[in-house]
Amino acid sequence: LVPTDPAPAVGFGGTRPGLARVLRTCQHGRTEDARVGALAVIRDVLETAAPGDDVVAGSEAAAITAASLGALRDPELVVRKAAAATFSALRIGDVLPRLLRALSAKDGRERAAARESAAGAMRAFTETRGARAALDAFIAAVRHGPGDGDDAGGDARGADDAEGSRATSVLRGWSVSLTEDQAREVAAGIAAATLRNPGVTALVRVASALAPRVGEPPACRETFAAVRGAWSASRPGTSRPGTLRPGTSSYESSETSANAEDVFERLAPLLLLRTLPLEAWDDDHLYSVDESPSVPDVLLDIALAGAGEHDEVRRVAAELHGRAHPDASSESRGRRLAEAVVDGRLGRARACMFSLCSSLAFRGIDACPSHSSTASPAATRAVCARVLGDLGLDDSDESTKTRMGATETLASLVRAELEDADVDRPEDDTDGDGDDLPTGDEPRGGRSEGGLLEPADAAGSPLTKSLANIYVDPLAAPLPAARREPLIRVLDDNDGTENGTE
């Protein structure tokens, strides 16, 4: 009966009388069945419309959305489910902004229903218009609604960040339903939007929320392809911070002023890469083996650009270089670290050490392959020792920061080796009965040759885990030969006799 109702009446707020009565029943029906039935009427009217035919528009669409939102607060679960189903039949542009605002409601049931309704609306829109269109509708909603706090400050920015975080939580419920092709479509869409609008925090937040799905292979390849394209197309023929010279793997520098717009433009590809899990970096290493220059090489060039690049950009690039697969990053980083130390280019040395610390944090001891002549644990310690020795008496700020970087690198290396040593090697048959053979699922462990901690003494016996042998295990009793000597020896008067007191 609703489509044949008379024209909208002024007395009913611009809504046709029949439709207005149904909408009132959605929220205020006396029985549960009446409220569910009213919502079903609205849903049937919307779903039976011919493609492209607007059965309701303008004020009526707003009234339906408002009534459905009200039904989300219903104490009965069956009514809330019916309201969520109704949202899936409405145009996403009409309902999504209202649903995202409802995520800030005080009632927990209303927030949960709004989240599920928004995810359901996006799934329904994906089926009819495609995943890219659903993503674009969500981006439009968050950029002009919750979380669009780019111009806010102080408390307002904090409130916007909280709302934006709640809004992007909808994406997790939607993204799990994406097919492989849809995930690639979404990955390309969010990458394009982020690169096209640098500095918009809402887009970076959307990319982070989608990363668990679009960061998986093969969808993640779209992100790497978009970043490579952005680097290659960055003002070709001009000289600016980090502009890729055609046909080379190096970056030109210039005296471009450090303004916020330029910093955001330079950071946009890096922040996009920062959302990806390690699985994506490993896939790029295998999938893009013939790419030149590789993403890790470009990141290292940016990190070492010195005064030609913004400090914020260099720091993020160095951190991201540490996430790359060690086979693609460790050798070049070790070589350039050694060169920087020899040449006295302390800024470049610190950038390499920062990247190495990042790699040790993400990759463990694998960040320093033992077979590498420039990146092995022994080679890394030698470079750090040279830094500490050459700059030991220099009190300048540059030298002090570089010494701190070398010390932090050594500490990170020690921690990685200790964590590696704490895991038993899977190939070790500890009891000799043949039952401990590797299955292929065990974590790699054991000390590597040339590591800080040697696995045996000169006689080939296992080292005691004691303070005297550096590796501390408070539960292990030291052997007599490993007992530490007194740290302080007290002499009795002037006769030189020791009393052995510590």
Side-chain angles (χ1 to χ4, degrees), residues 1-129 134 137-138 140-141 144-146 167 170 173:
L1 298 177
V2 174
T4 60
D5 237 1
V10 177
F12 290 89
T15 304
R16 285 169 286 184
L19 179 59
R21 285 190 289 272
V22 173
L23 294 179
R24 281 197 297 271
T25 307
C26 291
Q27 291 183 260
H28 306 296
R30 294 182 179 181
T31 66
E32 172 187 311
D33 289 340
R35 297 192 297 274
V36 172
L39 289 166
V41 168
I42 298 298
R43 186 171 61 253
D44 290 342
V45 168
L46 295 172
E47 291 178 346
T48 56
D53 184 16
D54 287 333
V55 178
V56 295
S59 59
E60 290 186 328
I64 292 176
T65 303
S68 302
L69 280 171
L72 289 180
R73 295 188 288 269
D74 197 282
E76 301 298 332
L77 177 61
V78 65
V79 178
R80 297 198 299 271
K81 287 185 175 181
T86 302
F87 279 117
S88 300
L90 284 164
R91 290 188 305 184
I92 194 169
D94 294 332
V95 303
L96 197 54
R98 291 174 176 265
L99 287 172
L100 296 182
R101 287 194 292 271
L103 295 175
S104 301
K106 295 181 179 180
D107 186 357
R109 293 178 303 180
E110 182 181 354
R111 292 196 304 269
R115 185 180 300 108
E116 179 56 34
S117 298
M122 291 191 66
R123 285 192 289 266
F125 199 65
T126 300
E127 294 177 0
T128 58
R129 298 288 299 276
F138 184 89
H144 303 289
V170 172

With [X] via side-chain contact (heavy atoms from CB on, under 4.5 Å) - residues at least two apart:
X    : value
R111 : A105
A121 : V95
A85  : R43
A124 : S88

Rounded to the nearest 0.5 Å, what's the gap from [atom1] on [X] to [atom2] on [Y]? Could you check?
X    : Y    : atom1 : atom2 : answer
L23  : I42  : CG    : CD1   : 4.5 Å
L19  : I64  : CG    : CD1   : 5.0 Å
R123 : E116 : CZ    : CD    : 5.0 Å
S117 : L96  : OG    : CG    : 11.0 Å
R101 : L69  : CZ    : CG    : 8.5 Å

Heavy-atom pair with the smallest gap, counting every atom of [X] and [Y]:
X    : Y    : result
C26  : A71  : O-CB, 4.2 Å
L100 : A141 : CD1-CB, 3.7 Å
G173 : A119 : C-CB, 4.3 Å

Q. How about L39 and T25: do any of their side-chain heavy atoms sit closer than 4.5 Å?
A.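 Result no, sub-4.5 Å side-chain heavy-atom pair not found.
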**Q.** Within-4.5 Å side-chain heavy-atom neighbours: L72 and F87
**A.**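 The answer is yes, as the side chains (C-beta and beyond) meet within the 4.5 Å cut-off.
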(Q) The criterion is salt bridge (Lys or Arg N to Asp or Glu O under 4.0 Å); which residues satisfy it with D107, sequence neighbours excluded? (A)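 Residues passing salt bridge (Lys or Arg N to Asp or Glu O under 4.0 Å) with D107: R109.
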Q. Got a sec, which residues hit salt bridge (Lys or Arg N to Asp or Glu O under 4.0 Å) with R80, two or more places apart in sequence or on another chain?
A.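 For R80, no residue satisfies salt bridge (Lys or Arg N to Asp or Glu O under 4.0 Å) once neighbours in sequence are set aside.
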Q.
Filter on side chain to side chain donor-acceptor pair (under 3.5 Å), then keep only pairs touching residues 26-35, sequence neighbours left out; what's left?
A.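 Counting only pairs at least two positions apart or across chains, the side chain to side chain donor-acceptor pair (under 3.5 Å) contacts touching residues 26-35 are R35-D74.
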**Q.** Contacts of type side-chain hydrogen bond (donor to acceptor under 3.5 Å, both in side chains), residue S68, not counting sequence neighbours
**A.**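 Expected list: none.
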